[in-house]
Amino acid sequence: MFELATAFTSGFGGTAVLPDAQEYDSARAVWNGLIDHRPAVIARCHSPRDIADAIRLTRESGLPLAVRGGGHSVAGLGSCTGGVVIDLSGMRGVAVDPARGVATAEGGATWSDYDAATAAFSLASTGGLISTTGIGGLTLGGGIGWLQRKYGLACDNLIGADVVLADGQIVRAGPDDDPDLLWALRGGGGNFGVVARFEYALHPVAAVFAGMLLFPFDRCRDVLTAFRDWVPEVPDELSLVAAVVTAPPEPFVPPQLVGQKAVAIIGCWCGDLDKGAAALAPMRGLDPLADLFGPMPYPVLQSMLDGAAPAGVRNYFRGGFLDALDDGVIDIAVEHGALMPSPMSAIHFHNMGGAVARVGTDESAYPGRAAAYTYNLVSIWLDETRDEANLAANRRLAEALRPFTLQNRYVNFLEPAPGGQSPEARARAAYGDEIYARLAALKSVYDPANAFRTNVNILPK
Ligand SMILES: Cc1cc2nc3c(=O)[nH]c(=O)nc-3n(C[C@H](O)[C@H](O)[C@H](O)COP(=O)(O)OP(=O)(O)OC[C@H]3O[C@@H](n4cnc5c(N)ncnc54)[C@H](O)[C@@H]3O)c2cc1C
């Protein structure tokens, strides 16, 4: 019989953490405190060779396999129970080549690792809105961030990758090496292999004009309507989120607003700083209770919202695409925003378009190019006795938005899989038939036995 513990202690160059290890509980913890997986082995890798060994040993064991980059998947896709987790948290190096305008980053890096390295050269690529998120899952699923309308999604910045395939081969994906694999990695998730090294295009970004406006909740409808009417005119340099939040007890929040529901307009202007102030004038002129916009280094913006998303607390996200911020959507945001049971929860409307919309389906597997907005219903709470209240409020809101929601889904904002839905139906619904068919054909080339299935899973054709 295959002896997993022996195999991983003798045939693996990385570090294997087994259930009897003192550090097992901290090693198995992921960002979402609702996820409680107990892997049989956590295989901490330090090199592509370690990754290949861990894949081979897992295949010989017949156990399930999960791959953990930054561990932020709200659905818990960075871990599994009873199987092997390939843990990339020891592979976080980032190297910058300013002459070529390219950065390479190991598969377990976070955006804070990445931004710190690239900002030293006043360069950046689109990352997420929170610095603790892994570059791995975020890029492979798409990657919505503060530079997206000017420079595209994180996956649009991906120009190459070193990938460890299911058979242990280490291959390169790139426009001249394997363009099909590169296409699949740009949005197709972790279905095709373990990315040991990502290669990104860099852009000149030093200081940005960024921040947040806060309005009282009784102005929610007016502010969202003004936002909706204004955004079609904004230049690509401006990426924006409109959000229903609860104002936090921070020094920059007026005392009368602390703990109250509020509307926030959060944004980043990545062009000439003087023009940023002018571009934001229409929203800043609406007499907000707090105006936190100003010039700041890009990495400061990247960590500005980290406090709103602490590790280890309870999370449930559910997202969708919209072709417009209709009056009906705004009504729902007002009605359900008032009822959010936790002060840590929020409704986010990400303004898309710009460079995101100019990428064709022949260039990436990301299924949301036509959306004017991506929404994310972010439920975050602390108390486990409040699980049902928070889950139910999120689901009611999602149900109300369903008639306005486009058919495809953003895989990085998918809720955990509901019972009864087949993995194929879930992935097909997220990608749409055309993209799904191409992904399935490539899955049968790169992972015909579906070794990589702890993800929004594409079935081999
Ligand atoms: C607080 C918070 C903020 C977020 N903000 C944003 C945001 O601004 N924009 C946005 O687009 N999304 C955002 N997300 C969603 C985020 O994109 C996904 O949760 C993403 O999967 C996280 O990547 P990760 O590597 O940290 O996750 P993990 O849990 O480690 O992995 C998620 C999936 O990606 C796969 N994967 C990870 N790394 C690799 C790799 N190197 N090779 C192969 N497969 C890999 C895993 O197998 C798994 O299927 C946010 C999530 C959270 C929790």
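Read the numbers this way: they start at 1 and go in the same order the structure lists the ligands and their atoms.
Residue contacts with ligand 1, taken as heavy atom pairs separated by less than 4.0 Å, involve Leu88 solely via side-chain atoms from C-beta onward. Looking at Phe452 against ligand 1, nothing comes within 4.0 Å, counting heavy atoms. The backbone and the side chain of Ser73 each have at least one atom closer than 4.0 Å to an atom of ligand 1 (non-hydrogen atoms only). By the criterion of a heavy-atom distance under 4.0 Å, neither the backbone nor the side chain of Val30 is placed next to ligand 1.
Ranked by closest heavy atom to atom 34 (O) of ligand 1, the top entry among Gly70, Gly189, Cys80, Gly137 is Gly137. Which of Leu414, Val164, Leu138 comes nearest to atom 10 (C) of ligand 1 through a heavy atom is settled by distance: it is Leu138. Between the choices Ser131, Gly319, Gly193, the shortest heavy-atom distance to atom 43 (C) of ligand 1 belongs to Gly193.
Here the heavy atom of the protein found nearest to atom 15 (C) of ligand 1 is Asn412 O, 3.6 Å. The nearest heavy-atom contact from the protein to atom 49 (O) of ligand 1 is Thr454 O, 3.0 Å. Looking from atom 3 (C) of ligand 1 to the surrounding protein, the closest heavy atom is Ile130 CG1, 3.5 Å. Atom 45 (C) of ligand 1 has Leu140 CD1, 3.6 Å as its closest protein atom, hydrogens excluded (heavy atom only). The protein heavy atom nearest to atom 47 (O) of ligand 1 is Val67 O, 2.7 Å. Atom 48 (C) of ligand 1 has as its closest protein heavy atom Leu77 O, 3.4 Å. The closest protein non-hydrogen atom to atom 42 (N) of ligand 1 is Val195 N, 2.9 Å. The protein heavy-atom contact nearest to atom 19 (O) of ligand 1 is His72 O, 3.2 Å.
In terms of N/O distances under 3.5 Å, ligand 1 is not approached by Ala309. Between Tyr410 and ligand 1, at least one pair of N/O atoms sits closer than 3.5 Å. Any N or O atom pair closer than 3.5 Å counts here, and Thr133 shares no such pair with ligand 1. Backbone and side-chain nitrogen or oxygen atoms of Ile144 are examined, and one is located within less than 3.5 angstrom of a nitrogen or oxygen of ligand 1. Between Leu129 and ligand 1, at least one N/O pair is under 3.5 Å apart. Backbone and side-chain nitrogen or oxygen atoms of Gly190 are examined, and none is located within less than 3.5 angstrom of a nitrogen or oxygen of ligand 1.
Heavy atoms of Ala196 come nearer than 4.0 angstrom to ligand 1 in no pair at all. Not close to ligand 1: Gly142, with no non-hydrogen atom less than 4.0 angstrom away. Within the 4.0 Å heavy-atom shell around ligand 1 one finds Gly71.
Scanning all heavy atoms of the two residues, the minimum distance from Ala242 to Leu224 falls at CB-CD2, 3.8 Å. Scanning both residues, Thr126 and Ala154, for their nearest heavy atoms gives O-CB, 3.4 Å. In terms of heavy-atom proximity, Val411 sits nearest to Gly187 at CG2-O, 4.2 Å. Nearest heavy-atom pair across Gly78 and Ser73 is N-CB, 4.2 Å. The heavy-atom pair separating Gly83 from Leu63 by the smallest distance is CA-CB, 4.1 Å. Pairing each heavy atom of Leu305 with each of Leu129, the nearest pair is CB-O, 4.1 Å.
Set against the non-hydrogen atoms of Val194, the atoms of ligand 1 under 4.0 Å away are 42 (N), 43 (C). Here is the list of ligand 1 atoms found below 4.0 Å of a heavy atom in Gly143: 11 (O). Taking every non-hydrogen atom of Val74 and a distance limit under 4.0 Å, the qualifying atoms of ligand 1 come out as 53 (C). Near Gly78, with a cut-off below 4.0 Å to any heavy atom, the atoms of ligand 1 are 29 (O). Heavy-atom contacts of Gly107 reach the following atoms of ligand 1: 41 (N) (cutoff under 4.0 Å). Residue Gly128 approaches ligand 1 through these ligand atoms, each under 4.0 Å from one of its heavy atoms: 7 (C), 8 (O). Close approach of ligand 1 to Asn455 (heavy-atom distance below 4.0 Å) involves ligand atoms 49 (O).
Environment of CD in Glu424: crowded, with over 12 heavy atoms of neighbouring residues, nucleotides or ligands closer than 6.0 Å. Glu434 CD: 12 or fewer foreign heavy atoms inside a 6.0 Å radius.
No side-chain donor-acceptor contact under 3.5 Å links Asp447 and Asn191. Remark: the Asp387 side chain and the Trp381 side chain contain an N/O donor-acceptor pair separated by less than 3.5 Å. With hydrogens and angles left out, the side-chain atoms of Asn390 and Ser379 include no donor and acceptor closer than 3.5 Å. Donor-acceptor pairing under 3.5 Å is recorded for the side chains of Thr139 and Tyr200.
Relative orientation of the Phe209 and Phe293 rings is parallel, given thresholds of 30° and 60° on the angle between their planes. By the 30° and 60° cut-offs, the orientation of the rings of Tyr446 relative to Phe192 is perpendicular.
Interatomic distance, Tyr316 OH to Leu377 CG, rounded to the nearest 0.5 Å: 9.5 Å.
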* To do: Decide yes or no on side chain to side chain contact (heavy atoms under 4.5 Å, CB included) for Val356 and Arg369, but give the supporting numbers first.
  => CA-CA 6 Å; Val356 178; Arg369 299 290 172 189; 3.8 Å; yes

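Although no hydrogens or angles enter the test, the distance criterion places no donor-acceptor pair under 3.5 Å between the side chain of Glu415 and the main chain of Arg318.
With ring centers used as reference points, Phe198 lies 6.0 Å or more from Tyr114.
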